[in-house]
Amino acid sequence: MNELTVQQLADAYQDYFSVEHCISINAKAISGALPDKAALAAAIPPAFLLASDAGGLNPSALRSLHRLGDLAEELANYLQQQARKIDMLLHYVLRQQDDAAQRFVTQSYGGSGCCYLADSPLKPLQIVELKLFLDNNDGAVFCYGQVLSCEPQAEKWQIRVVFACIRDEDRELIVRASLHQQSRLLKQKAEQKAELRQHTTPG
């Protein structure tokens, strides 16, 4: 797979919505050319594949319960309990993939890429191996990126990375997670405004 130019990366970075939110990531600079989809598939740790496969089980199972009538609610509750146990187990397994030496926290992320602060700079177009650990049990993603920009900020370096080699289903996972987070932020802001109005309204 051919690396992109800085201009192509800049265009790609604008393709998807991005949300300002902190999630843990691992980022490791790698040498050589950008891996292709076959190399990506071979490199993805089994825990990430397992989390991706398990993520789609519960919603599809619950949708099929509507045909069961009165038993549906009881069975749905049971399945949700089991799904929560699986989520907790997967969360634990995925955290074992989190390398503290390569750990960073995002300033923002979305379907196109992510932005984070680091102590050391990376050159634009540098290839990086990425692991993203999404909040609220939304899963985790392994992919490859290319550095779009690296700028000094508050005695650190602000690094923007474009997801240059990523599975389609993983990009969709990140998009859904970013939209869910945006919805949570909007709901939180609305609740704060409503509470503020209650306190400022004359009694």
Side-chain angles (χ1 to χ4, degrees), residues 1 3-4 9 12-13 15-57 86-150 156-181:
M1 180 176 291
E3 292 88 346
L4 301 176
L9 288 174
Y13 199 80
D15 283 347
Y16 290 88
F17 163 83
S18 182
V19 62
E20 293 184 1
H21 185 57
C22 298
I23 60 169
S24 293
I25 66 169
N26 287 178
K28 179 176 72 173
I30 61 175
S31 58
L34 177 68
D36 59 16
K37 287 293 183 72
L40 170 65
I44 297 177
F48 285 79
L49 294 173
L50 180 61
S52 176
D53 291 341
L57 292 179
I86 293 173
D87 284 344
M88 292 172 61
L89 179 60
L90 285 175
H91 182 74
Y92 173 78
V93 171
L94 286 170
R95 282 302 169 187
Q96 308 312 302
Q97 299 285 328
D98 185 5
D99 186 343
Q102 301 167 3
R103 184 185 302 142
F104 302 94
V105 176
T106 62
Q107 293 181 309
S108 62
Y109 72 94
S112 296
C114 62
C115 176
Y116 64 94
L117 292 179
D119 292 326
S120 304
L122 291 176
K123 293 181 179 179
L125 302 181
Q126 169 69 52
I127 309 299
V128 290
E129 177 189 285
L130 293 170
K131 297 176 182 176
L132 293 89
F133 302 96
L134 303 172
D135 278 355
N136 302 293
N137 286 332
D138 283 334
V141 170
F142 179 98
C143 64
Y144 294 104
Q146 272 189 272
V147 175
L148 166 60
S149 62
C150 181
K156 290 182 178 289
W157 296 91
Q158 184 187 61
I159 300 175
R160 296 182 187 276
V161 178
V162 173
F163 303 141
C165 183
I166 183 172
R167 298 192 307 168
D168 292 339
E169 55 266 44
D170 285 334
R171 191 187 299 277
E172 291 174 5
L173 182 65
I174 295 173
V175 169
R176 286 198 303 271
S178 63
L179 291 174
H180 289 164
Q181 180 57 36

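The figures that follow rest on heavy atoms only: side chains count, while hydrogens, waters and symmetry mates do not.
With sequence neighbours excluded, the residues forming a side-chain hydrogen bond (donor to acceptor under 3.5 Å, both in side chains) with Asp98 are Asn26, Arg95, Arg103, listed by chain and number. Take Gln126 and apply the side-chain hydrogen bond (donor to acceptor under 3.5 Å, both in side chains) test, not counting sequence neighbours, and it matches no residue.
Remark: side-chain polar atoms of Gln96 are paired, donor with acceptor, to backbone N or O of Tyr92 under 3.5 angstrom. Under a 3.5 Å cut-off, the side chain of Ser149 and the backbone N or O of Pro124 do not form any donor-acceptor pair.
Within a 6.0 Å radius of CD in Glu20, no more than 12 heavy atoms belonging to other residues, nucleotides or ligands are found.
For the pair Leu94 and Phe48, the minimum side-chain heavy-atom distance is below 4.5 Å. Residues Lys123 and Val147 fail the side-chain proximity criterion, which asks for heavy atoms closer than 4.5 Å. Inter-residue side-chain proximity for Leu134 and Arg176 is flagged as unmet; no heavy-atom pair is nearer than 4.5 Å. Put simply, the side chain of Ile159 does not reach to within 4.5 Å of the side chain of Val128, judged on heavy atoms. Residues Tyr109 and Val141 are not in side-chain contact: their nearest non-hydrogen atoms beyond the backbone lie 4.5 Å or more apart. The side-chain heavy atoms of Arg171 and Tyr16, taken from C-beta on, include a pair separated by under 4.5 Å. When side chains are defined from C-beta on, Phe133 does not count as touching Ile25, because their heavy atoms never get closer than 4.5 Å.
Across His21 and Asp135, no two heavy atoms sit closer than the pair NE2-OD2, 2.8 Å. Closest heavy-atom contact between Phe142 and Pro45: CD1-CD, 3.5 Å. For the pair Leu34 and Cys165, the tightest heavy-atom approach, listed with the atom from each and the gap, is CD1-CB, 4.3 Å. The shortest heavy-atom contact between Trp157 and Asp119 is CD1-O, 3.4 Å. Here the closest non-hydrogen pair linking Val93 and Ala47 is CG1-CB, 3.6 Å. Taking all atoms of both residues into account, the shortest heavy-atom contact from Cys22 to Val105 is CB-CG1, 3.5 Å.
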| query | Would Cys143 and Asp170 count as a side chain to side chain contact (heavy atoms under 4.5 Å, CB included) if you check the C-alpha gap in whole Å, the side-chain angles of each, and the deciding distance to 0.1 Å? | reply | CA-CA 8 Å; Cys143 64; Asp170 285 334; over 6 Å; no

query: Stepwise, does the side chain to side chain contact (heavy atoms under 4.5 Å, CB included) test hold for Leu49 with Arg167?
result: CA-CA 11 Å; Leu49 294 173; Arg167 298 192 307 168; 3.5 Å; yes

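Taking CG of Leu122 as the reference point, atom CD1 of Ile127 lies at 11.0 Å (rounded to 0.5 Å). To the nearest 0.5 Å, atom NZ of residue Lys28 and atom OH of residue Tyr144 are 8.0 Å apart. Leu9 contributes atom CG, which lies 13.0 Å from atom CZ of Arg160 (distance to the nearest 0.5 angstrom). To the nearest 0.5 Å, atom CD1 of residue Ile174 and atom OG of residue Ser112 are 9.5 Å apart. Between Thr106 atom OG1 and Leu132 atom CG the span is 8.0 Å, to the nearest 0.5 Å. Atom CG of residue Asp99 and atom CD of residue Glu129 lie 10.0 Å apart, to the nearest 0.5 angstrom.
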